[in-house]
Amino acid sequence: MVKVVANAKALKKQKMPQWFYQLGSPRWFYELSGKWLPWLGGSAALLLTIGLVWALLFAPADYQQGNSFRIIYLHVPSAFLAQSVYLLMAIAGAIGLIWKMKVAEVVAKCAAPIGASYAFLALVTGAIWGKPTWGAWWVWDARLTSMLILLFLYLGVIALNSAIGDRQMAAKASAILAIVGVINLPIIKYSVDWWNTLHQPASFTLTEKPAMPAEMWVPLLLMVLGFYALFTWTLLTRCRTEILERERRAGWVCDLLSNSQIK
Amino acid sequence: MYRELRLAARRIFDWLNPLVFFLLVVCLFPLAVSPEPALLGKIAPGIVWVAALLATLLGMDGLFRSDFEDGSLEQIIVGSQPIALLISAKVLSYWLLTGLPLTLLAPLLALMLSLPVGSYEVLCLSLLIGTPSLCLIGAIGAALVVGLRRGGVLLVLLVLPLYIPILIFGSGAVTASLQGMEATGQLAILGAFLALALPLAPIATAAALRISING
Amino acid sequence: MYFSSFSDFIHMGGHGLYVWSSYGIAMLVVLWNVVIPLLKRGTVLASLRQRLIRERSHESQA
């Protein structure tokens with residue numbers, strides 16, 4: 001702990017680039033994110049619409065799995081998101097702890113429920129995909145099991161966050177939990193893979209497609225990008241609300257509120 | 001550390017409870033599943049490991065509670081002694097009063113679950129290496145929830161997912177020995193987990209305690 | 001276009017139930033991620049505005 005504090009102090013003394021400090025200012029973040037929001041929302045809607053139409057109407061069916069293969073266009077993006085959002089949450093939490101940056105605390109707090117929702121989606125689509133493919137709703141496949149544990153980790157962070165009344169204390173405590181979880185995540189993944197090979201030697205997984213033709217992977221790419229854009233939009237919208245609540249005494253928030261055009 | 005042990009020894013029921021709990025949970029399985037020795041012997045590693053894991057968690061939320069309530073935790077934090085070291089001592093004494101007795105009790109339970117005799121050694125060894133890691137990780141959770149009113153359930157929710165790797169390799173070691181295979185690999189991985197948790201977990205616990213106390 | 005008719009599209013080669021239930025649930029999750037933040041923003045803005053008005057009228061009285 002002493003070492004960590006010393007490190008944190010050393011880091012504090014180092015000059016960080018100016019944008020880093022600006023990012024720490026809730027007002028600057030609020031104004032900048034306000035400019036990004038329409039672009040993010042628009043690109044998310046565009047990417048998801050094209051991706052969805054392509055995935056459902058034009059992509060060919062898989063020669064082995066038939067049309068249930070189309071679930072991959074939901075499963076893979078949500079699984080990607082669930083994992084990277086957890087990482088984002090832990091990094092934001094660590095920045096909040098080390099530099100005492102309010103915006104990072106807000107980001108970490110707002111990312112948790114969104115990440116949990118995508119982990120849930122990845123699990124459900126994985127289970128539904130499993131029924132026609134493996135013949136069972138739930139199979140203890142390594143990926144599904146890791147995703148389930150990831151969902152539990154998210155639920156833990158959310159539960160801790162809501163259990164602590166004090167906002168700052170809640171942010172710090174859940175940041176620690178998220179960091180511990182991130183260190184554990186590769187270990188959990190490795191253990192589950194090891195355990196899985198022990199119990200079920202042969203099971204083919206969703207992403208084990210050696211050569212996917214372009215008309216299959218291009219819509220997948222679009223869907224992944226669309227999901228990421230949508231996630232960023234959701235995250236920023238949630239963060240902006242949280243910032244307004246936290247900074248309600250600040251002058252710029254009062255000015256903003258008096259302006260009745262802001263909806 | 002010595003003071004810790006003496007204090008704990010005085011509260012005899014505090015450390016007897018996890019043991020009785022361990023016994024009880026294990027006894028539930030033959031009643032619920034089947035008393036058939038062949039089946040029990042096959043699932044015994046999992047039963048013993050899950051029961052041991054839950055038993056170590058049982059008293060965990062009290063690890064820092066009394067110190068938190070009487071204010072001595074606050075003194076420790078402002079004091080000059082390194083907190084991580086004190087936490088390690090605390091966790092060690094907790095382990096001596098729960099993990100170690102659990103390990104010693106395990107052969108008796110293995111006998112009741114008709115685990116083949118050849119696997120006793122691996123079972124005890126895996127518990128001996130695995131339970132300290134359980135205590136160390138649990139301490140992080142205990143430190144996070146120490147100031148909360150209903151911390152116990154929350155603690156379980158936070159810590160159980162983190163226990164999964166240890167559970168997998170702990171029961172995996174015993175299962176491997178049941179099938180006549182070498183269990184050294186799994187035991188070595190359990191040892192590696194312990195080697196990781198031993199320096200890292202007290203640091204995280206110390207950070208969590210600071211937050212719980214200073215806000 | 002992969003499907004030759006609309007009923008083919010709904011049927012999905014026998015996997016319609018699986019495909020459509022997945023897309024339905026995904027739609028719900030996405031909607032939740034769009035609607036909830038917007039609703040929350042609305043309620044928070046309204047309550048903060050009211051608070052501000054209350055405080056200002058309080059100040060002017062005093």
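Numbers restart at 1 for each chain; the letters A, B, ... are given by sequence-line order, proteins then strands.
- Looking only at side-chain heavy atoms (C-beta outward), I164(B) and W195(A) stay at 4.5 Å or farther from each other.
- Heavy atoms of other residues, nucleotides or ligands lying less than 6.0 angstrom from OH of Y228(A) number more than 12.
- Between the CD1 atom in I149(A) and the OH atom in Y163(B) there is a gap of 15.0 Å [rounded to 0.5 Å].
- Here CD1 of I183(A) is found 9.0 Å from CG of L196(B). Values are rounded to the nearest 0.5 Å.
- How far CG of L185(A) is from CG of L162(B): 9.5 Å, rounded to the nearest 0.5 Å.
- For Y120(B), the OH atom sits in a packed shell: over 12 heavy atoms of surrounding residues, nucleotides or ligands are nearer than 6.0 Å.
- Closest non-hydrogen pair, G172(B) versus W194(A), comes out as CA-CH2, 4.4 Å.
- Contact detail for I188(A) and P161(B): the closest heavy-atom pair is CD1-O, 3.7 Å.
- L160(A) has its side chain within reach of V145(B): a pair of non-hydrogen atoms, C-beta onward, lies under 4.5 Å apart.
- For the atom pair CD1 of I211(B) and CD1 of I176(A), the computed distance is 3.5 Å after rounding to the nearest 0.5 Å.
- With values rounded to the nearest 0.5 angstrom, L154(B) atom CG is found 8.0 Å from S162(A) atom OG.
- Counting only heavy atoms from C-beta outward, the side chains of F152(A) and L160(B) never approach each other to under 4.5 Å.
- Within the 4.5 angstrom heavy-atom criterion, atoms from both the backbone and the side chain of I164(A) approach chain B.
- The part of L148(B) that comes within reach of chain A is its side chain, from C-beta onward, which places non-hydrogen atoms under 4.5 angstrom from that chain.
- Among I189(B), L144(B), L157(B), I140(B), the residue with the largest count of heavy-atom pairs under 4.5 Å with chain A is L144(B).
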